[in-house]
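Residue numbers start from 1 in every chain, and the chains themselves are labelled A, B, ... in the order their sequence lines are given, proteins ahead of strands.
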Amino acid sequence: MSVILEAKHINKYFKKPVNFHVLKDISFQIKKGEFASVMGKSGCGKSTLLYILSTMDTDYEGELYLKNQLITGQDSTHLSHLRNKHIGFVFQFHYLLSEFSVLENVMLPAKKLAEKSLQEIEHNAIQKLKILNIEHLASKKASQVSGGEKQRVAIARALINDPSIIMGDEPTGNLDSHNAENVFNIFKQLSDEQGLSLLIVTHDEDFANKTDRIIQMEDGKILL
Amino acid sequence: MTNWSIILSIAKTHLLTKIKQTSIAALGVTFGIGSYITLVCFMTGLNTMLDDLMLNQTPHIHVYNEIEPSKKQPVSLYDNLSNSFNVIHSIKPKLSQKKIHNALPIINYLEHNDKVLGALPQVKAQIFYIAGSIEISGNLTGINPIEEANYFNMSDYIIEGSAMALQNTDNGILLGIGIAKKMALKIGDRIQVSPINGSIFPLKIVGFYQSGVADVDAIQSFTNIKTVQRILGEANNYITDINVKLYDIETAIPLAKTIEQQFNLKAIDIKTANAQFETGTTIRNLITYAVSITLLIVAGFGIYNILNMLIYEKMNDIAILKATGFSGKDVQLIFMSQAMIIGFVGGVLGLLIGFGLTSLIETIPFKTEALPTVETYPINKDPLYFIIGFSFAMVSTFLAGYLPAKKAKKIDPVKIIRGQ
Ligand SMILES: Nc1ncnc2c1ncn2[C@@H]1O[C@H](COP(=O)(O)OP(=O)(O)O)[C@@H](O)[C@H]1O
Ligand SMILES: [Mg+2]
C-alpha cells in the first residue's frame, strides 16, 4: 500500500500568550484507502495538527510528505495548488460561500484548478451531489439549506477535484445522530469504493470505532 | 496562471450582494469625475474665451516708432570730452515722426519670414468727431479691414455692418459704439472728423465697433488706411504701426528683439505686454485642479472604506477560498477587481454626467456687454479631459483598493477558522 500522507517529528509551539509546546514529536502515516480517526480531549492539539497536515499552517518544525513529496517549506502559492488538487477539507462548521448556489460552491475548487472544461466540472459537481443525495439542492442558495445538508455540500466540495485525502475537523460534531450516521456512511463508502484516504477528527466514540484505525492524542502527543 | 473568469465572478457576486454599498462607492467616483469634467471644461472654456479675447485682437508683435530721448547725446561724440564727466540737464527727445521709416519694405520683409503669418500696417491718428456744434476727441485708425478680420478677428467686434462694407466704401467709417450713442448716429449717417490741425472731412458710417471696453468704444473708430492718409494729408507710405501675427506665439520674444535691433524701432511682444494675464490663467487652472483632485481623493477614501468593510464581512469567504486552494494572490485579485469594477462603473457614469452637465451649461445663455460674440457659457469639451478623468478614476480606485486587497491577501485562514 502506498503512503499518501506522512508526518515526521512534527513539533509546534505557540509563542503567545505564553510559550506553549502544543504538538510534541508527532510522526505517523496514512496509507491509500485508509480511514483513520483522531480522538483526544478537547485542547490536546487535534485541530492544530490538522491545520498543519492540510498545509494551511506552515509554522511548525518537522517534515510533512504528501505522496512521498516533501511539502514542508514550499512557497504558499504552490501549497495552495497542492491543497486545491490533493486535499479535501471538511470543517466542523459548514463553511460555504453563502451568496453562491450549492452547485457553484461545489464547482469552485474545480474552477480554480482549471483542469477540466466548465461542462465537465458541472457534470462532476452534480455527480458528487448525487453521491451525497442532495442533487435536488443544486440551484439553491447555500444560505438556504439546512445544517446537515450544508455539511454534505461541504463534503461534495471536498470531493470535487478527486483528492488523495480528505481531512475533517469534527465534521459530525454539529449534526444529530441520524445525520452523523449518514456522513459516516458516505465516508466509509468513499474509502471502500474509491480508495480515498480519510483522516477525521471526532469526539464520537461510535464513529471512531467503526473506522479502520484510531489515532489517540493526549497533551500534544500521539499514544500508540 | 490566473483564472480570471472565476475571480471576476466571485468579485461580481460580492458586489451585487452588497449593491447598496457598492452603489454608494461608485457614486462617489461618479461625483468626483463628473465634477472634475464639468469644472475643467467650464474653467478652460472660460480661460480660452478670455485668452482669445486678449490674444485674437492683440498682435503677437506690435512694431511702432516710440518718441524717446536719444540714448547717445551729441556731447559723447566729441572726442575731447570723452574722458570727462558730462552732465546734461533737461534732455528733450528729438522731434521725430510717428511714422515708421520705410514701413512698406519692412512689411514686405516680415511677410517673407516663415514664422510670420501676417504683418498688417496701421495708421493711427488723433482726430475730433464733429456733429453740429459738438466736438469729441478720439482716435481714428486706418486699417486693411479684410485682413484685420482674417488675422485679428476684427469681425467679432463689429456689431453692425461688416469689415467688407468698410473695405468697399470709400470714406466709410466703422464708428465706436460709445461715440454713436453719444451722438445718436445710425448706419448710413454721416459724421465729420477733423485732424488736430486740419480741415473737416465727412465720413459715412458703415458699421459699429464694440470692443467691450467702454473707454475704448467711446473714442476709437476705424477706417481704411487710404482714408486716414488723406485726412492727415500724408503720402501712401505713411504707416505708424505694424501688427505682426505669428504661426507660433512662442517665437514672439526673439523675433521682437531682432526687429528692434534690425530696424531701430520699438517692438513689443505679446508675452511681455500681457505677463499678468498668464498669471491669471495659471491660477484659475490651479484652482480647478485642486478642487477636482480633492473631490477624487474624497471618492477614493469612500472606496477604501467600503472595501475595508467588505473584507471584514467576507472574512469567512476568504478563509474558505484559501482553505479550498485559492492563493493569497487570487484573493487579492478578487478584491482588486471589486475596486476596479467600482472605479470603472463610477468612472463611466462620471463621464456621462460630466458630458451631460457640460452640454447643459453650453446652452445656458450668457450675455455680456464686454463679450459681444459670446451667447452662452463657454465650454471647452476637450476629449483629453474625459480621458484624464477616467484614468484618474481608475488610478484612484486602484490605490484605494490596493491596501484592503493586500490585507485580504495576508489573512491567515487558520485564525478565521479557529475563531468560529
Ligand atoms: N493561536 C493560538 N495561540 C495560542 N494558543 C492556542 C492557539 N490556538 C490554539 N491554542 C491552544 O492550543 C491548544 C490546542 O488547541 P486545538 O488544536 O484547537 O485543540 P483541539 O482541537 O484538540 O481541541 C489549546 O490549548 C488551545 O488553547
Ligand atoms: Mg478542535
Can you tell me if [X] has over 12 outside heavy atoms packed within less than 6.0 Å of its [atom1]?
X         : atom1 : value
Lys141(A) : NZ    : no
Phe28(A)  : CZ    : yes
His123(A) : NE2   : no
Tyr289(B) : OH    : yes
Lys407(B) : NZ    : yes
Phe14(A)  : CZ    : yes
Phe398(B) : CZ    : no
Lys221(A) : NZ    : no

With rounding to the nearest 0.5 Å, note down the distance linking [atom1] in [X] to [atom2] in [Y].
X         : Y         : atom1 : atom2 : answer
Leu113(A) : Phe326(B) : CG    : CZ    : 10.0 Å
Asp330(B) : Ser80(A)  : CG    : OG    : 7.5 Å
Phe91(A)  : Asn316(B) : CZ    : CG    : 10.0 Å

Arg83(A) side chain vs Lys322(B) backbone, donor-acceptor pair below 3.5 Å: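 Yes, Arg83(A) side chain to Lys322(B) backbone: donor-acceptor pair under 3.5 Å.
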
query: With respect to chain A, which residue among Val414(B), Leu321(B), Ile320(B), Asp412(B) yields the maximal number of heavy-atom pairs within a distance under 4.5 Å?
result: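 Going by pairs under 4.5 Å, I would pick Ile320(B).
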
task: Check whether any side-chain heavy atom of Arg418(B) sits under 4.5 Å from a side-chain heavy atom of Asp57(A), and report yes or no.
output: no

message: What I'd like to find out is whether the side chain of Thr324(B) reaches to under 4.5 Å of the side chain of Lys112(A), using heavy atoms alone.
response: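 The answer is no; the side chains never approach within 4.5 Å.
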
- prompt: For chain A, which residues from residues 8-32 of chain B have at least one heavy atom closer than 4.5 Å to it?
  reply: Ser9(B), Ile10(B), Thr13(B), His14(B), Thr17(B)

- request: Heavy-atom distances under 4.5 Å only: say whether Thr48(A) touches chain B with side chain, backbone, both or neither.
  value: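 When you check distances to chain B, atoms from both the backbone and side chain of Thr48(A) fall under 4.5 Å.
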
